[in-house]
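Positions are given from 1 along the sequence.
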Amino acid sequence: MTVSGIFLILFIILSIVHIACEARRSLAGRYVTKPFLMPALGLYYMASAAQPDFVLMAAIACGWLGDIFLMLPDPRNMSRYFKMGLAAFLLGHIFYIALFAAYLPGASNVPVWGWICLPVYIAAGIAGYRIIAPHAGSMLPVVMIYIVVIVLMAASTILPLGNVNTTGAVTVMAGALLFMVSDAVNACNRFVGEPPLEWLLTMGTYLAGQFLLVQGYLLF
């Protein structure tokens, strides 16, 4: 077995154990597994890539910081760690935008069906805003900025189409959409109320989304 294969198995095992701990509402299990999820994915990427890209590594690192901040207890309910986690994920999305925006000069090569996917991302952002905005209160400006950035991140994944391996391009597009779903569910849980199976929807789509973004880029 290759080194990259070992790290991939490690990431999968950690992901399964973490989601199981979330299902059992095990705080101890969450604290033990969550800090190692993104490092395992980062190690898989570095072991798999011929020349690891710093921008992608920075995006993964921001995801790791966001994971840490969002799991920290906030006894005074001041949203301090939530805001820090939000900022970390926002920066991670900006790094992803930078990663895929590098293919902007080849935008003319993007097939028509790729551009047709753009309204899907925009519609998802609008839907998320309409659900969350009435409950966001003083956090509304931050929520609006976050939604705009994550829609731009998803839209940027269209740019590699026609310029790289199609399977890889479609994979990162799927990863971006899953990331959007994860953030939407997490935001609903924060501002609106806990959705059914929130633990599975938030972390399941988040981990799958991050993995597909990394795996798709490896296939470029």
Side-chain angles (χ1 to χ4, degrees), residues 1-12 15-16 37-38 40-64 89-128 147-185 201-220:
M1 181 178 294
T2 62
V3 175
S4 63
I6 292 172
F7 286 132
L8 176 59
I9 291 174
L10 176 62
F11 172 72
I12 293 172
S15 298
I16 293 172
L37 293 169
M38 289 304 102
L41 182 61
L43 288 170
Y44 165 66
Y45 169 68
M46 287 192 293
S48 302
Q51 293 182 326
D53 192 301
F54 168 78
V55 178
L56 180 53
M57 289 301 305
I60 296 173
C62 287
W64 175 73
F89 279 116
L90 184 69
L91 184 58
H93 292 316
I94 292 173
F95 278 122
Y96 276 127
I97 291 172
L99 185 70
F100 300 121
Y103 294 91
L104 184 59
S108 59
N109 297 325
V110 176
V112 174
W113 65 265
W115 294 117
I116 292 175
C117 294
L118 183 59
V120 175
Y121 297 130
I122 296 175
I126 293 173
I147 290 175
V148 169
V149 171
I150 195 172
V151 169
L152 287 175
M153 185 277 287
S156 71
T157 63
I158 296 172
L159 297 174
L161 279 170
N163 299 286
V164 300
N165 179 282
T166 301
T167 300
V170 172
T171 300
V172 298
M173 289 172 65
L177 185 59
L178 286 174
F179 211 147
M180 291 184 73
V181 171
S182 175
D183 280 349
V185 174
L201 290 173
T202 297
M203 290 308 299
T205 53
Y206 166 68
L207 292 169
Q210 288 276 40
F211 172 73
L212 291 178
L213 284 166
V214 170
Q215 185 62 39
Y217 192 71
L218 284 171
L219 293 173
F220 279 12

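- Leu178 and Gly209 make their closest contact through CB-CA, 3.9 Å (heavy atoms, listed as atom of the first residue, atom of the second, distance).
- Leu41 CG to Ile12 CD1: the interatomic distance, rounded to the nearest 0.5 Å, is 10.5 Å.
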Identify each donor-acceptor pair in which a side-chain atom of residues 98-127 lies under 3.5 Å from a protein atom, sequence neighbours left out, and give them as a table.
residue : atom : partner : partner atom : Å
Asn109  : ND2  : Asn163  : OD1          : 2.8
Tyr121  : OH   : Met173  : O            : 3.1

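- Taking every heavy atom of both residues into account, Met153 and Ile97 meet most closely at CA-CG1, 3.4 Å.
- Here Ser156 pairs with nothing under the side-chain hydrogen bond (donor to acceptor under 3.5 Å, both in side chains) rule; sequence neighbours left out.
- Heavy-atom minimum distance, Gly175 versus Leu212: CA-CB, 3.6 Å.
- Put simply, CG on Leu56 and CG on Leu218 are 7.5 Å apart, with the number rounded to the nearest 0.5 Å.
- Summarising the geometry, atom CG belonging to Leu43 is positioned 11.5 Å from atom CD1 belonging to Ile6; distances are rounded to the nearest 0.5 Å.
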Can you list the steps and then say if Tyr44 with Ile60 is a side-chain contact (heavy atoms from CB on, under 4.5 Å)? CA-CA 11 Å; Tyr44 165 66; Ile60 296 173; over 6 Å; no
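- By the side chain to side chain contact (heavy atoms under 4.5 Å, CB included) test, Ala40 pairs with Leu10, Phe11, Leu14, sequence neighbours left out.
- Screening residues 91-100 for side chain to side chain donor-acceptor pair (under 3.5 Å), with sequence neighbours left out, gives His93-Tyr146, His93-Asp183, Tyr96-Gln210.
- By the 4.5 Å heavy-atom criterion applied to side chains, Leu201 and Val181 are not counted as neighbours.
- Shown here are the side chain to side chain contact (heavy atoms under 4.5 Å, CB included) partners of Ala47, two or more places apart in sequence or in another chain: Val3, Ser4, Phe7.
- Taking all atoms of both residues into account, the shortest heavy-atom contact from Ser182 to Tyr206 is OG-CB, 3.1 Å.
- For the atom pair Ile16 CD1 and Leu207 CG, the distance stands at 10.5 Å (nearest 0.5 Å).
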Test Ile150 against Phe89 for side-chain contact (heavy atoms from CB on, under 4.5 Å), laying out the working first. CA-CA 9 Å; Ile150 195 172; Phe89 279 116; over 6 Å; no
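- The two atoms that bring Met180 and Val151 nearest to each other are CE-CG2, 3.9 Å, heavy atoms only.
- Every pair passing side chain to side chain donor-acceptor pair (under 3.5 Å) that includes a residue from residues 48-63 is listed here, sequence neighbours excluded: Asp53-Tyr217.
- In terms of heavy-atom proximity, Thr171 sits nearest to Thr167 at OG1-O, 2.6 Å.
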